[in-house]
Amino acid sequence: MTNTEARPIYLDYQATTPVDERVMDAMTPFFTQAFGNPHSTSHSYGWEARDAVEVARQQIATMINADPREVIFTSGATESNNMAIKGVGRFFAGRKNHMVALKTEHKCVLESIKYMQRHEIDVTWLDVNADGLVDPDTVAAAIKPDTALVSVMLVNNEIGVIQPLAEIGAICRDRNVYLHTDAAQATGKIVIDVQAMNIDLMSLSGHKMYGPMGIGALYVRRKPRVRFEPLMDGGGQERTMRSGTLPAPLVVGFGKAAEIISQDLDQEAARIRNLRDRLLKGLQQRIADTFVNGSQNQRVMGNINIGFRGVDSESLMNALKDYVAISSGSACTSTSVEPSYVLRAIGLSDLDAHSSVRMCVGRMTTAQEIDQAIAAISNAVEKLRGAGLVTNAASVAG
Amino acid sequence: MRDGFYLDNNATTPLRPEAKGAMLCAMDAPGNPSSVHGFGQAQRRIVEDAREHVAALAACAPANVIFTSGGSEANNTLLHGIAANNIVTTSVEHASVLDAVPNAMIVPVDADGVIDLNALREVVSGLDGRTLLSVMAANNETGVIQPIQAVAEIVREFDAKLHVDAIQAAGKIDLAPIVRVSDAISLSAHKLGGPQGIGAIIVRDGVPFEPLVKGGGQERRRRAGTENVIGIAGFGGAAEAALAEFDDFQALADMRDGIEIALAGDAVFYGQGVSRLANTSCIGMRGVSAETQVMAFDLAGIAISAGSACSSGKVEPSHVLRAMGLSDEDAGQTIRMSLGWANDPSDVGAFIDAWRALRARTASEVAA
């Protein structure tokens with residue numbers, strides 16, 4: 001078991017990722033030497049920051065096969081999701097009053113759509129199957145003549161499943177409906193191609209891909225042109241689509257993180273998949289009565305969402321707090337005692353949902369850490385089951 | 001700092017070392033502040049420490065501080081989020097206020113850029129329903145400080161709500177009296193030595209507003225999105241330093257006044273006769289376009305601007321100077337010089353020399 005003096009093993013890469021050293025090196029000079037306002041046009045401090053922002057914009061565009069002019073920087077994926085959904089809803093208000101979304105979307109997509117629902121937008125909420133996946137035919141059937149937007153997340157933040165977005169994109173293009181996707185959990189894990197997938201709007205986040213927190217982007221298609229109302233008005237930055245001074249250092253870090261992904265994704269995916277499989281196999285070998293949530297095939301390489309029957313996830317995380325950092329679901333809702341709505345949507349009982357935890361392997365994870373984590377988690381599960389600190393002791397005994 | 005003279009601190013400021021230190025600490029560890037594990041809790045502590053420093057700068061309780069992605073988001077959140085039948089603002093506000101409320105009633109300013117209180121009273125007294133008034137504490141182009149206490153009396157008398165855009169004022173004038181009489185305040189870190197991409201709103205207890213960015217329950221459900229921990233840490237560090245060095249900032253007035261005394265007679269200074277931020281001078285050079293001036297200063301290694309940075313790509317004359325009654329021509333011959341924590345008297349000397357050199361050169365061209 002790990003030394004308690006040492007820091008716990010970090011297996012919560014879907015909540016946030018550490019900043020990559022290369023990203024840090026790229027950002028640092030823009031905090032201190034090249035600190036200009038990228039919108040200052042009257043001096044070299046401003047030009048330098050602006051040039052760096054444009055390099056980053058190209059780096060993001062390359063990662064997703066877009067034109068740089070289609071990349072709008074925001075403060076993060078939450079803002080991007082709010083901007084896309086409310087922006088399209090407001091632009092088409094009175095003409096197209098219907099939206100389609102998955103029940104398993106990230107909280108900020110759900111909340112933005114519910115907000116529009118309170119403002120006279122009709123919403124069709126789509127179910128997912130037991131694997132957590134939506135059937136493209138279900139999406140096609142939900143589209144109506146007055147549908148303005150379909151919002152389908154690319155990768156789920158809790159169970160890591162990958163939705164069939166290319167098929168959905170083809171349907172949306174055919175039916176002349178915008179497709180928005182929350183891709184915050186997809187970047188750096190799978191190849192994203194906005195052309196091949198026919199994506200019209202896409203939300204990205206820096207801190208889920210080894211960049212800094214506080215920066216994200218919204219991809220906005222130019223051809224055919226996507227129309228929406230900005231969320232923020234003001235100085236008219238970002239082609240008037242998003243006002244506010246751009247944080248040049250964060251933008252630079254975000255761009256660098258994208259460049260690293262464009263270069264290294266294949267290699268990294270193989271390495272992380274190996275580690276994830278080693279973790280899953282190790283846990284399944286050492287621990288009885290486990291179950292895996294979500295599709296095993298259509299899944300990003302680092303994620304595991306696993307249940308240990310009879311073990312309460314809160315107790316498990318508490319027992320592991322000095323050894324392994326994991327979570328019971330999305331970080332933004334992790335202080336909530338409600339069972340995960342994503343796990344409920346794929347058909348888990350409250351009890352099973354409360355026995356499930358999310359782990360995610362990432363760039364800095366080592367094989368040694370995986371082995372230590374397997375040992376720590378299996379010991380903790382064994383102790384909790386032995387101590388009777390279980391939510392469903394009877395069913396386990398039975 | 002590197003070679004060159006940076007005199008455009010109202011556009012953005014160099015990062016204070018205290019902010020950088022706090023950011024480096026925050027960068028040291030991964031973690032989402034909403035995660036319950038130890039990594040997350042460490043990040044949470046960083047966020048809450050910073051909140052205390054920002055609260056101290058604004059003389060309010062930490063619970064009233066809500067972090068945003070910057071000043072523009074802060075203004076948009078409050079102006080769109082506070083329920084009001086009428087919105088009243090002034091002709092010299094920042095674009096993030098004026099563009100957020102295109103239907104607002106606009107109160108004029110006088111030749112010095114100070115709000116016309118009689119006009120304000122007249123407008124507000126004629127309104128029915130809930131009124132929200134938005135007035136900046138200090139102007140970004142001229143540094144002119146608005147009489148917020150007098151504005152607040154009118155707000156109180158007619159039972160309106162008061163939003164104060166304190167983005168240019170924070171760390172530069174005492175915010176306590178302003179916060180005391182306001183319902184909501186907007187702040188930005190990168191104008192006071194913190195990083196770009198982080199700001200805050202300060203909302204009095206009992207003032208409801210609809211959040212602009214929805215989603216997870218961060219910031220007590222008032223602003224969703226994973227907290228920009230590094231940015232927040234930097235904001236906290238900068239706020240702490242700005243408060244500690246408040247007197248140093250006031251001393252920048254000596255340097256600024258040195259420029260105005262040196263150039264007196266040749267130059268025109270706008271807002272000079274009224275209460276102004278210690279660091280700002282809005283300077284007209286007759287017969288020379290602001291663009292020419294800006295280029296000449298840049299060649300001399302001096303960074304200044306022709307107005308607000310966010311609109312500095314536009315060729316239109318400043319709406320602030322136009323509102324103060326300047327002709328397009330005069331407004332188009334005016335630049336902004338703004339000092340900050342990192343400047344020293346040699347920067348001022350370089351500015352004076354460059355200004356005089358340009359004046360002499362253009363005067364001889366005109367003569368020839």
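Proteins come first, then strands; the chains are lettered A, B, ... in the order of their sequence lines, and each starts at number 1.
The contact between B:I304 and chain A is made entirely by backbone atoms, counting heavy-atom distances below 4.5 Å. Contacts between B:T68 and chain A at a heavy-atom distance below 4.5 Å are absent for every atom of the residue. Proximity to chain A is limited to the side chain of B:M23, based on heavy atoms less than 4.5 angstrom apart. For A:D233, the parts lying near chain B are the backbone and the side chain together; criterion is any non-hydrogen pair under 4.5 Å. Only the side chain of A:Y115 comes within contact range of chain B, judged by heavy atoms closer than 4.5 Å. Contacts between A:L320 and chain B at a heavy-atom distance below 4.5 Å are absent for every atom of the residue. Contact of A:A248 with chain B is made through backbone and side chain together, with heavy-atom distances under 4.5 Å. Residue contact with chain B, scored on non-hydrogen atoms closer than 4.5 Å, is absent for A:M83. With a 4.5 Å cut-off on non-hydrogen atoms, A:L110 does not touch chain B at all. Using a 4.5 Å cut-off between heavy atoms, B:N76 contacts chain A through its side chain alone, with no backbone atom that close. Of the two parts of A:K114, neither the backbone nor the side chain holds a non-hydrogen atom closer than 4.5 Å to a non-hydrogen atom of chain B. At a 4.5 Å heavy-atom cutoff, A:I85 makes no contact with chain B through either its backbone or its side chain.
Judged purely by atom type and a 3.5 angstrom limit, A:Y341 uses its side chain to pair as donor or acceptor with the backbone of A:E105. Put simply, the side chain of B:S186 never gets that close to the backbone of B:I201: no donor and acceptor are under 3.5 Å apart. In this structure, the side chain of B:R16 engages the main chain of B:L192 through a donor-acceptor pair within 3.5 Å. Checking side-chain atoms of B:E18 against main-chain N and O of B:G237 turns up no donor-acceptor pair under 3.5 Å. Under a 3.5 Å cut-off, the side chain of B:D165 and the backbone N or O of B:E93 do not form any donor-acceptor pair. The closest donor-acceptor contact from the side chain of A:S340 to the backbone of A:V342 lies under 3.5 Å.
When each of A:A325, A:S243, A:G244 is checked for heavy-atom pairs under 4.5 Å with chain B, A:A325 comes out on top. For chain B, the option among A:R242, A:K321, A:E111 with the highest count of heavy-atom pairs below 4.5 Å is A:E111. Of the listed residues A:T78, A:I215, A:N81, the one with more heavy-atom pairs under 4.5 angstrom with chain B than any other is A:T78. Here B:S69 is the residue among B:G197, B:P102, B:G40, B:S69 with the most heavy-atom pairs under 4.5 Å with chain A. Heavy-atom pairs under 4.5 Å with chain A were tallied for B:K20, B:M27, B:Q43; the largest tally goes to B:M27. Heavy-atom pairs under 4.5 Å with chain B were tallied for A:G36, A:G206, A:S112; the largest tally goes to A:G36.
In summary, the side chains of A:D182 and A:N157 do not present any donor paired with an acceptor at a separation below 3.5 Å, with no hydrogens or angles considered.
The shortest distance between side-chain heavy atoms of B:F351 and B:N343 does not fall below 4.5 Å.
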Check: After noting the C-alpha distance and the side-chain angles of B:R223 and B:E227, does the key distance pass the salt bridge (Lys or Arg N to Asp or Glu O under 4.0 Å) rule?
Finding: CA-CA 9 Å; B:R223 202 286 185 182; B:E227 296 87 339; over 6 Å; no

Item checked: salt bridge (Lys or Arg N to Asp or Glu O under 4.0 Å) between B:R51 and B:E48, intermediate numbers included -> CA-CA 5 Å; B:R51 198 187 306 278; B:E48 297 313 318; 2.8 Å; yes

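Ring orientation note: the planes of A:F35 and B:Y6 are nearly perpendicular, at an angle over 60° on the 30°/60° scale.
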